[in-house]
Structure formats: C-alpha cells, structure tokens
Amino acid sequence: MADELTTYAKELASKAKLASRALKGLTTLQKNAVLLRVEELLLTNEAAIIEKNQLDMKNGKEKGLSSAMMDRLLLDSKRIKGMAKSIEEIRNLPDPVGEVVRGTILPNGLELLTKRVPIGVVMTIFESRPNVIIDIASLSFKSGNACILRGGSEAFHSNLILSSLFHQAIEEIKLPGVTKDVVTFVENTERAAMVPFFQLENLIDVIVPRGGEALIRFVSENSKIPVIKHDKGVTNLYLSNHANPEIVLPILVNSKVQRPGVCNALENLFIHKDYPNLAGLLSNLESSGIQILGDTPIQKQLSTAKPASEDDFYTEFLDTRLSVRIVGSVTEAMENIRKYSSGHTECILSEDVSEIRKFQQELDSAAIFVNCSTRFHDGGEYGLGAEVGISTGKLHVRGPMGLIHLTTTTTYVTGGGQVRG
C-alpha cells in the first residue's frame with residue numbers, strides 16, 4: 001500500500017512539475033484569458049456547484065461536523081459570486097512575473113538584473129473550505145506556478161467540481177504547451193496519502209498547509225520540503241479605558257460574530273479595569289449572540305457568564321464563545337497577548353496615542369490593528385485579490401500570502417569577458 005501511495009504521489013507531482021515549465025512562457029493576457037473563462041464557468045455552473053456542495057453538507061451533518069466547519073464548507077450563490085469576484089480582482093492585479101527588483105552595473109562592468117520568477121510547484125493542503133481551490137489555483141496560475149491541491153474528505157464533491165471547471169477553462173483556451181496538470185487535484189483524501197508528497201523535494205518547491213493545529217503539526221513534522229505555516233488564529237483585542245465608546249460595540253460584534261468560523265475572528269478580549277459601564281457592554285455583547293466566558297470580575301458583572309479556564313484563552317473556538325479577562329493596564333494586556341497569541345492578529349481600541357504606539361511597537365504578530373475590526377486581516381481586504389492563506393511564520397511571507405508572494409527572484413548577470421581576480 002505504501003508503494004502504491006508513493007507511486008501515486010510521484011506521478012501527480014511529476015506531471016505538475018513538467019506542466020509548470022510551460023507557464024513560464026505565458027503572457028499576462030494569456031493567463032488572464034484562462035482566469036476569465038474560469039470566472040464565467042463559475043457563474044454559469046452555479047446550480048451544479050451548489051448541488052455537489054449539498055452532498056458535502058449532508059455528509060458533514062451526518063458526520064457531526066462543528067458549526068464552524070459547516071460554515072466553512074457551505075457554498076451558496078453569494079459565495080460563488082464572491083469566488084468569481086476574487087478571480088476578477090486577481091485578473092486586474094499587476095502580473096508580478098518579470099518585475100525588475102534590482103538593476104545595476106557593477107564597477108567591473110557586470111550588468112545585474114534581478115527579476116521576479118515563479119516559485120515552481122506549490123502544494124496546498126487545506127480543510128473544509130472549497131473556495132480555496134479557486135483562490136489558490138487562480139493565484140498560482142497568474143503567478144506562473146503549477147499547484148497541487150489536497151482538500152479534506154468533507155469537501156470532496158465541491159473540490160472536485162471546482163477543480164474540473166479550472167481544467168475545462170485550460171482545455172478551452174488552448175495555450176501552447178499548457179495542460180490541466182498545472183492545477184492538480186489530489187483525489188485520495190487519506191492522511192497516509194499525504195506523506196509521500198512531503199518527500200518529493202525535487203518535484204515540489206513549497207508546501208502551504210492551512211487548517212487546524214493538528215494538520216499544521218503533521219505536515220511540519222513529516223515534510224522534507226519547506227513549509228509555510230498558516231496556523232490557527234487565536235486573535236486578541238485589548239479594550240482600553242481610553243477607547244471611543246461609539247466604536248467599541250460595533251467593532252467587537254463584527255470581529256466575533258460577523259463570521260465566527262474563520263481565523264481572523266476574535267477569540268480573546270482583555271478589558272481595562274476602569275472601562276466605563278462594563279456591565280452594559282457585556283450585556284450588549286451577549287444580546288448580540290456572543291457567549292461570554294469570563295474571569296471572576298467578569299462573572300460578577302454578568303451573571304450569565306460562564307467561567308473561563310486557562311485553556312480557553314489558548315483556544316481557537318471558531319464559534320460564538322469569547323474568552324474575556326479584566327486587566328490593569330495596556331502592559332498587562334500585552335503580557336496576556338504574548339502568552340496566548342498564535343501570532344495571527346492583535347487589536348487595540350484606544351484614543352491614547354502613547355498607548356497605541358506601545359501596543360504597535362512591542363507586540364510581534366502578523367498584523368496589529370488599531371480601532372477597527374479584526375475581520376479585515378484578509379487577502380481580499382488587503383487588496384491582494386485573494387490569498388493562499390495567512391502565514392503566521394516569519395520567513396518568506398507573513399500575513400496574507402498573495403500573488404507576489406508566490407514568486408521568488410532570479411538574477412541575470414551579463415558580462416563582456418570579466419574574470420574574478
């Protein structure tokens with residue numbers, strides 16, 4: 001069985017590697033033509049996509065998937081149109097391939113020209129969210145990369161039809177040398193089937209896992225290929241006693257319940273002990289559908305609040321639960337954030353400039369927000385069109401991984417007979 005899985009992985013990765021070579025010669029217009037056709041196919045096949053997605057939703061319900069997983073799994077008319085809109089935005093972005101990063105002539109006369117080039121073959125492993133198929137395939141294709149996409153079994157039917165639409169567009173546009181292998185969908189959803197891919201460092205250039213903590217750890221521990229981690233989002237917010245009361249409730253509610261099952265949704269709230277009308281705020285949060293898990297002072301202010309354990313503050317709930325704690329200062333809030341944060345998103349609500357500056361300068365995360373919803377930590381909201389994911393690591397890319405982050409550089413050196421002394 002292990003030999004069969006190894007052969008399976010090598011076959012798919014080899015085809016993707018070969019297919020990636022043809023992408024290097026494509027013009028921006030040629031790449032955009034394929035993306036436009038995918039966009040059109042998404043809209044004209046909406047009913048078929050929803051029908052396949054309903055099979056996954058039915059199976060997910062029978063398997064007892066969490067509300068967060070079910071929300072991520074769902075494809076409806078609005079989300080399909082959103083995927084099409086993402087492709088449109090990617091089409092309209094500047095093509096990073098060929099961009100000159102540095103050009104200079106050295107004292108010895110050598111001409112150096114450093115340009116952006118595709119990474120090569122990018123493998124992405126993801127859970128539940130079928131829109132990832134379209135986002136990553138589009139970003140990869142526009143940046144000249146082949147991609148290998150491995151989704152979870154819970155979204156199999158949705159992933160299969162979405163990848164087939166991309167294949168259809170490639171076959172219809174008929175670009176020179178370009179085959180459907182530039183978007184490779186791994187149909188085998190067994191966990192054991194992933195491991196052989198991780199050993200193919202000569203065929204796959206980078207692996208991007210996005211999902212739960214267990215998935216990230218599994219990939220990191222088993223891969224010989226560089227891994228860009230898109231880890232969990234334990235998102236934290238400090239509510240200062242100097243915050244503008246007019247913006248507090250809308251931001252907290254939007255950060256938590258606008259879409260609780262995503263990585264940029266708020267999980268931990270730290271409130272200054274002198275914040276005015278704390279009881280009223282907590283009551284309004286509860287009325288907005290938020291389940292408060294609080295420390296002792298919070299429970300005294302809101303009788304329906306449940307006790308928050310230490311583990312709760314480390315947890316990415318991905319639902320309407322919110323861990324809340326009272327702190328004595330911005331410094332204490334930051335100590336808590338450093339302790340519990342996954343390095344994804346931190347936020348402060350305050351009008352105190354020195355407090356804001358301290359928060360920004362002394363914390364270390366992919367994004368630090370001031371006086372706005374944490375839900376803006378997103379590739380689309382950042383103007384990247386879409387994202388491969390949100391990286392919580394520090395190498396190559398941090399935060400939303402967009403089009404430009406799927407490139408590396410090559411330096412072209414031209415001389416006239418120079419030799420090194």
Side-chain angles (χ1 to χ4, degrees), residues 9 12-38 86-87 89-91 93-99 101 114-126 131-151 159 162-163 165-167 169-170 173 175-186 197-198 200-210 219 223 225-230 379 384-391 395-397 400-410:
L12 292 185
S14 296
K15 289 180 178 179
K17 186 73 170 180
L18 183 61
S20 70
R21 296 172 187 168
L23 293 177
K24 293 183 177 181
L26 297 184
T27 66
T28 303
L29 288 176
Q30 288 174 317
K31 290 185 283 190
N32 282 344
V34 172
L35 295 181
L36 176 60
R37 186 57 186 142
V38 177
S86 291
I87 297 177
E89 291 172 354
I90 292 168
R91 282 195 295 108
L93 288 173
D95 189 338
V97 178
E99 177 190 350
V101 177
T114 302
K115 294 183 179 182
R116 291 196 178 278
V117 296
I119 289 175
V121 178
V122 178
M123 182 174 188
T124 303
I125 299 163
F126 57 98
N131 66 290
V132 170
I133 288 276
I134 296 298
D135 287 350
I136 296 179
S138 300
L139 287 168
S140 297
F141 193 80
K142 177 76 178 257
S143 57
N145 295 284
C147 61
I148 300 174
L149 304 168
R150 196 274 187 186
N159 290 337
L162 292 175
S163 58
L165 294 181
F166 217 105
H167 293 161
I170 290 170
I173 300 300
L175 297 176
V178 177
T179 68
K180 65 179 184 179
D181 295 317
V182 296
V183 176
T184 295
F185 175 58
V186 181
F197 285 97
F198 303 161
L200 303 176
E201 65 266 38
N202 294 325
L203 298 175
I204 300 172
D205 295 287
V206 67
I207 295 181
V208 183
R210 51 182 292 181
V219 175
S223 179
I225 301 166
V227 175
I228 300 176
K229 299 179 184 178
H230 293 245
L384 301 177
E387 64 190 27
V388 178
I390 296 179
S391 172
L395 297 181
H396 179 66
V397 57
M401 186 176 181
L403 193 62
I404 196 169
H405 306 118
L406 285 168
T407 62
T408 183
T409 59
T410 293

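The figures that follow rest on heavy atoms only: side chains count, while hydrogens, waters and symmetry mates do not. Computed from a prediction, not measured in an experiment: that's the story for all the values here.
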query = Among all residues two or more places apart in sequence or in another chain, which pass the salt bridge (charged side-chain N to carboxylate O under 4.0 Å, His left out) test with Lys15?
reply =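 Residues passing salt bridge (charged side-chain N to carboxylate O under 4.0 Å, His left out) with Lys15: Glu11.
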Closest contact, heavy atoms only, [X] versus [Y]:
{"X": "Gly144", "Y": "Val97", "result": "N-CG2, 4.5 Å"}
{"X": "Ile225", "Y": "Glu201", "result": "CG1-CA, 3.7 Å"}
{"X": "Phe126", "Y": "Leu149", "result": "CE2-CB, 4.2 Å"}
{"X": "Cys147", "Y": "Ala137", "result": "SG-CA, 3.9 Å"}

Which value, rounded to the nearest 0.5 Å, describes the distance between [X] atom [atom1] and [Y] atom [atom2]?
{"X": "Ile170", "Y": "Thr179", "atom1": "CD1", "atom2": "OG1", "value": "7.5 Å"}
{"X": "Leu406", "Y": "Ser140", "atom1": "CG", "atom2": "OG", "value": "5.0 Å"}
{"X": "Leu384", "Y": "Ser86", "atom1": "CG", "atom2": "OG", "value": "11.0 Å"}
{"X": "Leu93", "Y": "Leu403", "atom1": "CG", "atom2": "CG", "value": "6.0 Å"}
{"X": "Ser143", "Y": "His405", "atom1": "OG", "atom2": "NE2", "value": "11.5 Å"}
{"X": "Ile133", "Y": "Phe185", "atom1": "CD1", "atom2": "CZ", "value": "5.5 Å"}

request  = Using side-chain contact (heavy atoms from CB on, under 4.5 Å) as the criterion, list what pairs up with Thr184, not counting sequence neighbours.
outcome  =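 Thr184 satisfies side-chain contact (heavy atoms from CB on, under 4.5 Å) with Leu12, Ala16, Ile148, Asp181 only.
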query = Quick one: side-chain contact (heavy atoms from CB on, under 4.5 Å) partners of Ser138, sequence neighbours excluded?
reply =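 If we apply the side-chain contact (heavy atoms from CB on, under 4.5 Å) test to Ser138, skipping adjacent residues, the hits are Leu35, Ile87, Ile90, Ile134, Phe166.
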ask   = Just wondering, do Val186 and Phe197 contact through their side chains at under 4.5 Å, heavy atoms?
value =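 In short, these two side chains touch, coming nearer than 4.5 Å.
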Table please: side-chain donor-acceptor pairs of residues 26-33 below 3.5 Å, with sequence neighbours left out.
from	atom 1	to	atom 2	distance (Å)
Thr27	OG1	Gln30	N	3.1
Thr27	OG1	Gln30	OE1	3.4
Thr28	OG1	Asp95	OD2	2.8
Gln30	OE1	Thr27	N	2.9
Lys31	NZ	Asp95	OD1	3.4
Lys31	NZ	Asp95	OD2	2.8
Lys31	NZ	Lys142	O	2.9
Asn32	OD1	Lys142	NZ	3.3
Asn32	ND2	Arg91	O	3.3

Could you tabulate the donor-acceptor pairs under 3.5 Å formed by side-chain atoms of residues 114-125, not counting sequence neighbours?
from	atom 1	to	atom 2	distance (Å)
Thr114	OG1	Thr411	OG1	2.8
Arg116	NE	Glu99	OE1	3.3
Arg116	NH1	Thr407	OG1	3.3

task = With side-chain contact (heavy atoms from CB on, under 4.5 Å) as the test, would you mind laying out the steps for His396 and Met401 before giving the verdict?
result = CA-CA 9 Å; His396 179 66; Met401 186 176 181; 4.3 Å; yes
Check whether [X] reaches the backbone of [Y] with its side chain - one donor and one acceptor, N or O, closer than 3.5 Å.
{"X": "His167", "Y": "Val183", "value": "yes"}
{"X": "Arg210", "Y": "Ile390", "value": "no"}
{"X": "Ser223", "Y": "Val219", "value": "no"}

ask   = Among pairs that include at least one residue of residues 16-29, which meet salt bridge (charged side-chain N to carboxylate O under 4.0 Å, His left out), considering only residues two or more places apart or in two chains?
value =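 Qualifying pairs, neighbours excluded: Lys17-Asp205.
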inquiry  = For a side-chain contact (heavy atoms from CB on, under 4.5 Å) check, start with the C-alpha distance between Phe141 and Val38, then their side-chain angles and the critical distance, and finish with the verdict.
reply    = CA-CA 11 Å; Phe141 193 80; Val38 177; over 6 Å; no
